[in-house]
Amino acid sequence: MTTRRANRWIMGSALGLAAFAVALDHTRHRLPEMQPPAGEAAGPGAASSPCGLGTSPCGLGQAASPCGLGTSPCGLGTSPCGLGDGGEAPPCGLGPPASPCSL
Amino acid sequence: MSAPASALAAPGSARPDGFALGLALAALAALSLVVARDVGTRQLLLLWIGFGLGASLFHASFGFTGGWRTLLARGSSRGVRAQILLLALSSVLFFPVVAGALPGVRAAAALAPAGLSVLVGAFLFGTGMQLGGGCGSGTLFTAGSGHVRMLVTLAFFVAGSLIGTAHLHWWAELPSVGRVSLLAPGWAPALVAQLAVLGALYLAATRWERRRHGRVRPLLERDGRPFLTRLVRGPWPLWWGAVALALLGLATLVVAGFPWSITFAFALWGAKLAQAAGVDVTQWPYWNGAYQQLALSRSVLYETTSVMDFGLLLGAMAAAGAAGRFAPAEPLPARSLLAAVLGGLLMGYGARLAYGCNIGGMLAGIVTGSLHGWLWLAAGFAGSALGVRLRPWFGLDGGGRR
């Protein structure tokens with residue numbers, strides 16, 4: 001029989017470990033900041049960098065940001081399945097899987 | 001989905017657990033900040049929907065595992081009737097959406113091949129869920145509410161999912177009739193037919209209980225406590241759970257663009273852990289799919305099922321804290337832990353073969369008109385019948401050594 005106190009310690013430890021693993025995974029997969037070549041100022045290209053880079057509008061919560069919309073490349077939550085992407089992407093389960101449906 | 005007896009015990013009088021409630025809300029707030037900043041608003045919404053699902057599952061103790069077991073072992077159909085209500089409500093809500101009948105709303109069905117791999121996988125899953133003590137969502141919400149045994153089930157669920165991804169390409173070669181959409185004749189007639197079948201199942205379950213017990217326990221039961229108190233602290237009547245899950249499932253469908261799914265995340269977590277240990281899973285055919293490759297190459301917070309699963313865990317934790325039922329003392333005999341290990345492995349492996357668990361495979365399949373969802377139900381129920389018979393061997397249900 002485990003005690004309630006012991007269970008709380010186990011649960012707290014498990015949650016802490018999971019949080020550490022997620023933080024590690026998240027920071028490991030974030031792409032590094034794009035460094036402009038030495039002696040060259042950041043050009044207009046820096047402002048329009050792809051999502052996931054430090055200069056990207058992704059996740060800034062700006063209404064005009066494309067991130068999180070159906071046509072955005074940002075995030076896996078933006079799977080093309082059934083979203084308004086002009087019908088070019090296959091629906092779930094047909095053709096190459098593009099969502100977790102039926103995987 | 002099944003909750004251990006301690007989670008189902010008559011609650012309502014215990015004081016709220018500030019530790020669990022505070023930890024869950026703090027974790028949700030921190031995760032929300034990171035997801036909103038780095039991923040986007042859509043993912044944030046899905047995190048919160050997952051939180052709502054976890055709280056609903058816990059408060060209603062809404063379980064497929066327990067519902068099937070009580071029907072098979074004791075002839076009580078209440079849980080199964082609540083599941084049929086969930087299937088019917090979700091069908092009414094989902095059919096027009098996936099058929100594109102609502103202007104401006106597009107979402108995909110959970111179509112998967114209906115074949116031998118689904119039959120085998122769902123059977124294994126059904127057996128495993130009775131040994132493990134919970135299905136995909138049940139494992140998550142009981143683990144989130146502090147049941148240590150379910151952490152063991154969850155760990156081996158992840159391991160089983162990873163092993164399943166190594167073998168799925170072989171199973172997928174087995175005979176199948178392919179992806180069959182039951183919405184082909186039109187969503188309206190398909191819905192009428194589906195509701196007729198579900199109605200017949202409901203009547204059969206009711207008759208089964210009446211024959212065994214001479215009466216039928218109603219789904220709608222009154223409780224004298226104020227609505228808000230009951231909403232926040234639980235427990236909820238089963239029908240509240242069915243309605244909440246149907247509505248949150250619809251929210252998932254509209255926001256994500258595909259139905260609620262759970263176990264892809266387990267396979268992904270296993271694959272990421274395996275990669276960290278030096279195993280190159282990218283050599284396995286399963287992980288060469290477009291979605292899988294993208295999921296492996298990016299942070300887990302970009303992957304929808306993972307984020308919803310995190311929300312579900314935290315939602316269950318918060319609900320258990322509000323109800324004063326977080327991390328109850330529980331017996332953990334070795335044979336019960338062995339059942340948790342086996343159950344987790346069987347569920348993980350079976351979910352991959354069956355293209356999802358009872359949520360992503362069965363519920364999502366049935367309510368979006370995929371034939372494989374019905375196959376999943378039949379095979380999963382048969383597997384559960386075996387699992388119920390095996391439980392006493394592991395000292396579950398009060399069974400002794402045999």
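Contacts between B:T368 and chain A at a heavy-atom distance below 4.5 Å are absent for every atom of the residue. With a 4.5 Å cut-off on non-hydrogen atoms, A:L24 does not touch chain B at all. In this structure, chain A has a heavy atom under 4.5 Å from the side chain of B:M317, while its backbone stays farther away. Neither the backbone nor the side chain of B:V307 comes within contact range of chain A; no heavy atoms are under 4.5 Å apart. Of the two parts of B:A143, only the backbone, made up of N, CA, C and O, holds a non-hydrogen atom closer than 4.5 Å to a non-hydrogen atom of chain A. Using a 4.5 Å cut-off between heavy atoms, B:F326 contacts chain A through both its backbone and its side chain.
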Next on the checklist: Run B:E330 and A:N7 through side chain to side chain contact (heavy atoms under 4.5 Å, CB included) and show every step you take.
Outcome noted: CA-CA 9 Å; B:E330 58 183 333; A:N7 282 358; 4.1 Å; yes

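Between B:A327 and A:R8, the shortest heavy-atom contact is CB-CG, 3.8 Å. Here the shortest heavy-atom pairing between A:A14 and B:L151 reads CB-CD1, 3.9 Å. Here the closest heavy-atom approach between residue B:H147 and residue A:M11 is recorded as N-SD, 4.5 Å. Nearest heavy-atom pair across B:A329 and A:R4 is CB-N, 3.9 Å.
Residue B:W287 qualifies as enclosed at atom CH2: its count of foreign heavy atoms under 6.0 Å is above 12.
B:S161 meets the side chain to side chain contact (heavy atoms under 4.5 Å, CB included) test with B:F157, B:F266, B:A267, B:R352; sequence neighbours excluded. Residues meeting the side chain to side chain contact (heavy atoms under 4.5 Å, CB included) test with B:A265, sequence neighbours left out: B:W269, B:E303, B:T305, B:S306, B:D309.
Salt bridge B:R298/A:D25: absent, no basic N to carboxylate O contact under 4.0 Å.
In this structure, A:T27 OG1 and B:D38 CG are separated by 10.5 Å, a value rounded to the nearest 0.5 Å.
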